[in-house]
Chemist: 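What follows is a single structure, and I will ask about it in a moment.
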Amino acid sequence: MLRSLLALRQIAQRTISTASRRQFENKVPEKQKLFQEDNGIPVHLKGGIADALLYRATMILTVGGTAYSMYQLAVASFPKKQG
Amino acid sequence: MTHQTHSYHMVNPSPWPLTGALSAFLMTSGLIMWFHFNSLILLALSLLTNTLTMYQWWRDIVRESTFQGHHTPTVQKGLRYGMILFILSEALFFMGFFWAFYHSSLAPTPELGGSWPPTGIHPLNPLEVPLLNTSVLLASGVSITWAHHSLMEGNRKHTLQALLITIMLGLYFTLLQASEYYETSFTISDGIYGSTFFVATGFHGLHVIIGSTFLIVCFMRQLTFHFTSNHHFGFEAAAWYWHFVDVVWLFLYISIYWWGS
């Protein structure tokens, strides 16, 4: 109850200012609706398909990179003898 | 549907601490591969994955606060403590380098010619670009305060203008300092003078770049109506960090540039 009151207050305070240019529309209410949807999706994936792709890419690069560094460690641990 | 009966934020499980830790590991391994085996691939990968982690982690925090409303006053208090403690830890980090500088400069060894600056070192003139740099950062402290007051008064246009001025001044400082680095007659490997000068001012410059980035993020968030006149902790954190960077410069200027010449 308290949380929805706080959110409501913030929405009221975020109305588009009448002065200045119309270049930017206030899209925060739309975002609030999207991210408050009760669909059980965690916040890091809740924005849509782009979130999932970026997550996948990050995970593949970090885990893959770790595997590669382990490989390099193995190579470095057994130096080739010279001559 | 169950509701929590406390005002704290129980975050969703997140993959970013793991990817962040792995990217840090890649960074250290990457440095080893670069230093010892002349290979840059791991280091490049580490910088990319670190950036991806930071972007997504902070993006999620914006979602949790601005879009989901999880940042109650209690949560904000915790964030304030956190930012203050972080800045304190950074202050201690810089104190180490100032210790090193004073250790070597207060009692210059015979190898240096028994003087500070050491024999053969021609320091930069503190009344030229370094003084300009000082005025640039001081002015940026004024403009960011103007931005904050404008934000608190609900003046969108002035907030954006003042933030932009602050960012421009930060960028100007970075460019000036980069050109100074090019102009010095000494390098990092020129004895203890070179080491203390470039490590201390170098880390400061890195913090200016980090602070400028934080300010740019705040600018974009202000453009997209994220901040309200009484809830804008991200901006306040950026402002605190920026003032800290300014203060470190003042210590650098007085100690290394002025007294140290």
Chemist: Within 45 degrees of the ring normal and closer than 6.0 Å to the centroid, is that where the cationic atom of B:R156 sits relative to B:F227?
Modeler: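 Relative to the ring axis of B:F227, which defines the angle, B:R156 lies outside at least one limit.
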
Chemist: Go through A:K46, A:K31, A:M59 and name the one with the most non-hydrogen pairs under 4.5 angstrom from chain B.
Modeler: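 Among the listed options, the one with the most contacts to chain B is A:K31.
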
Chemist: Write out, in numerical order, the residues from residues 139-153 of chain B with a heavy atom short of 4.5 Å from a heavy atom in chain A.
Modeler: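 So far as heavy atoms go, nothing in residues 139-153 of chain B approaches chain A to under 4.5 Å.
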
Chemist: Salt bridge check: are B:R80 and B:E236 linked by an N-O gap of less than 4.0 Å?
Modeler: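 Between B:E236 and B:R80 there is a salt bridge, with a charged N closer than 4.0 Å to a carboxylate O.
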
Chemist: Tabulate below the donor-acceptor pairs under 3.5 Å that side-chain atoms of residues 24-36 of chain B make, not counting sequence neighbours, or state none.
Modeler:
unit_1: B:T28; atom_1: OG1; unit_2: B:A24; atom_2: O; d: 3.4
unit_1: B:T28; atom_1: OG1; unit_2: B:F25; atom_2: O; d: 2.8
unit_1: B:S29; atom_1: OG; unit_2: B:F25; atom_2: O; d: 2.8

Chemist: Identify which of A:L34, A:T62, A:L45, A:V63 forms the greatest number of heavy-atom pairs closer than 4.5 Å to chain B.
Modeler: A:T62

Chemist: What residues, two or more places apart in sequence or in another chain, satisfy side-chain contact (heavy atoms from CB on, under 4.5 Å) together with A:T58?
Modeler: B:W16, B:T19, B:L52, B:T53, B:Q56

Chemist: Identify which part of B:L223 has an atom lying under 4.5 Å from any heavy atom of chain A, answering side chain, backbone, both or neither.
Modeler: both

Chemist: With respect to chain A, which residue among B:T49, B:D60, B:L48 yields the maximal number of heavy-atom pairs within a distance under 4.5 Å?
Modeler: B:D60

Chemist: Tell me if the aromatic rings of B:F235 and B:H226 count as close, with their centers under 6.0 Å from one another.
Modeler: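 Not under 6.0 Å, so no.
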
Chemist: If every non-hydrogen atom of B:V245 is compared with every non-hydrogen atom of B:H204, which pair is closest and at what distance?
Modeler: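 Here B:V245 and B:H204 meet closest at O-NE2, 3.0 Å.
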
Chemist: Taking only residues two or more places apart in sequence or in another chain, which ones pass side-chain contact (heavy atoms from CB on, under 4.5 Å) with A:L73?
Modeler: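 Only A:S77 meet the side-chain contact (heavy atoms from CB on, under 4.5 Å) criterion with A:L73.
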
Chemist: Do side-chain atoms of B:Q68 reach the backbone of A:F35 as a donor and acceptor pair under 3.5 angstrom?
Modeler: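 Indeed, once roles are kept as given, a pair shorter than 3.5 Å links the two residues.
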
